[in-house]
Amino acid sequence: MSVPHSQGLAGRHAFVTGVGRGIGAAVARGLLLHGARVTVSGRNADVLAKTVSDLCQFGQIDYVVADLAAPVSIIHGFSKARSRFGAIDILVNNAGQAQSAPFLKTDDALWQDMLAVNLTGTFHCIQAALPDMLASGWGRIVNVASTAGLTGYKYVSAYCAAKHGVIGLTRSLAAELATKGITVNAVCPGYTDTGIVRETIANIVAKTGRGEAAALAELTAANPQKRLVQPEEVANAVTWLCLPGSDAMNGQSIAVAGGEIM
């Protein structure tokens, strides 16, 4: 078994959404390494079970299947998590999805899909977890947003609108809970080496006929470091915001993007 980085989160129960691979799995690992008990959630039981199998060497971890577009599913998932590991102390809203289309080809279905998971799902998860934090007088909420919540990008107006909404929710709730022992922050990754981004690269190649290297260069052009962010780099920021010593960090939206947003 790997030696934990610390026991700073010992006794804490963390609930992480959107876990399967990439950022979510890296966040779960980081929290486990600091002693937290972790519940991971997503829509695919097989993927979640594989993640739990891979990470159980680092600490106590279990999964619940939950669809963030369905409030009843969220309530059931949090109830099941509590029955295993107790009250929720830390919530990491990592679940999200991205679809692109020119604005005039962004139909109502696409618009609603982007809001449902990226923004409304975040809202419902916070409502499910917050009573536990208020009861204990301590909590950490970290919303994994995107640089799309801090600036605009072409052809993803619905996604940008949803992520801007997450930033607004983060700031409002941080102010509301500032005297309650609960902090609320957002981490905003740039293009990160995940399955979603690899699918984006494949779509660029298919639509334009350019090679994979050219497609990757297009995505990383705005990053001064000219590379994709690594999931572990995002997870490090998330984990730090959950640890003791980060108490003064509240209402912040931290870009993890190699300097793309300054």
Side-chain angles (χ1 to χ4, degrees), residues 8-9 11-18 23-24 27 31 34 36 38-39 41 66 68-79 81-82 85-96 112 114-151 158-189 234-235 237-256 261:
L9 297 178
R12 304 294 189 187
H13 178 193
F15 192 104
V16 184
T17 71
I23 292 172
V27 168
L31 294 171
H34 286 280
V38 177
T39 299
S41 74
L68 297 196
V72 172
S73 180
I74 294 171
I75 292 170
H76 176 74
F78 274 84
S79 177
R82 288 187 184 94
F85 290 144
I88 309 297
D89 302 291
I90 297 166
L91 172 63
V92 180
N93 284 306
N94 174 67
Q112 294 300 334
M114 291 300 94
L115 292 180
V117 173
N118 294 309
L119 181 54
T120 307
T122 296
F123 162 77
H124 284 302
C125 286
I126 293 173
Q127 285 209 323
L130 186 56
D132 288 352
M133 300 179 190
L134 288 170
S136 68
W138 191 94
R140 296 286 186 266
I141 299 171
V142 182
N143 299 321
V144 179
S146 166
T147 50
L150 300 172
T151 188
Y159 180 75
C160 279
K163 291 300 188 180
H164 272 71
V166 171
I167 299 301
L169 175 61
T170 298
R171 291 170 175 164
S172 179
L173 195 57
E176 184 174 331
L177 299 175
T179 62
K180 306 295 185 181
I182 302 166
T183 63
V184 188
N185 292 286
V187 171
C188 302
V234 182
V238 172
T239 302
W240 174 66
L241 290 170
C242 297
L243 284 167
S246 67
D247 306 73
M249 296 298 297
N250 192 36
Q252 302 305 301
S253 301
I254 302 172
V256 182
I261 306 292

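Computed from heavy atoms alone, side chains included, the values below leave out hydrogens, waters and symmetry copies.
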Expected output: side-chain [X] to main-chain [Y] donor-acceptor under 3.5 Å:
X: His13; Y: Gly86; result: yes
X: Asp132; Y: Ile88; result: yes
X: Asn185; Y: Gly251; result: yes
X: Asn250; Y: Ala174; result: yes
X: His76; Y: Val72; result: no

How close do [X] and [Y] get, heavy atom to heavy atom, and via which atoms?
X: Cys188; Y: Thr147; result: O-CG2, 3.6 Å
X: Pro71; Y: His124; result: CG-NE2, 3.6 Å
X: Ile74; Y: Ala128; result: CG2-CB, 4.3 Å
X: Val16; Y: Gly24; result: CG1-O, 4.2 Å
X: Cys242; Y: Ile90; result: SG-CG2, 3.6 Å

A side-chain contact here means heavy atoms from C-beta on lying under 4.5 Å apart; do Ile126 and Leu169 qualify?
yes

Would a 4.5 Å heavy-atom cut-off, applied to side chains only, mark Pro244 and Leu9 as touching?
yes

Report the distance from atom [atom1] of [X] to atom [atom2] of [Y], rounding to the nearest 0.5 Å.
X: Leu134; Y: Ile182; atom1: CG; atom2: CD1; answer: 4.0 Å
X: Thr239; Y: Arg140; atom1: OG1; atom2: CZ; answer: 12.5 Å
X: Asp247; Y: Leu241; atom1: CG; atom2: CG; answer: 11.0 Å
X: Thr39; Y: Leu91; atom1: OG1; atom2: CG; answer: 11.0 Å
X: Phe15; Y: Leu31; atom1: CZ; atom2: CG; answer: 13.0 Å
X: Ile167; Y: Ser172; atom1: CD1; atom2: OG; answer: 13.0 Å

I'd like to check the side chain to side chain contact (heavy atoms under 4.5 Å, CB included) partners of Ser146; sequence neighbours left out, ordered by chain and number.
Ala148, Tyr159, Lys163

Side chain to side chain contact (heavy atoms under 4.5 Å, CB included) partners of Ala95, counting only residues at least two apart:
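Side chain to side chain contact (heavy atoms under 4.5 Å, CB included) list for Ala95, sorted by chain: Thr17, Leu68, Val117.
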
For the side-chain contact (heavy atoms from CB on, under 4.5 Å) test, which of Asn94, Val27, Val187 pairs with Val142?
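Filter result, single survivor: Val187.
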
Working note: Phe78 + Cys125, criterion side chain to side chain contact (heavy atoms under 4.5 Å, CB included); need CA distance, chi angles, decisive distance, verdict.
CA-CA 8 Å; Phe78 274 84; Cys125 286; 3.9 Å; yes

Across all chains, not counting sequence neighbours, the salt bridge (Lys or Arg N to Asp or Glu O under 4.0 Å) partners of Arg171 are none

Pair Asn143-Thr122, side-chain donor/acceptor within less than 3.5 Å:
no

With side chain to side chain contact (heavy atoms under 4.5 Å, CB included) as the criterion, how do Leu130 and Leu177 come out once you've worked through the C-alpha distance, each side chain's angles and the decisive distance to 0.1 Å?
CA-CA 10 Å; Leu130 186 56; Leu177 299 175; 3.7 Å; yes

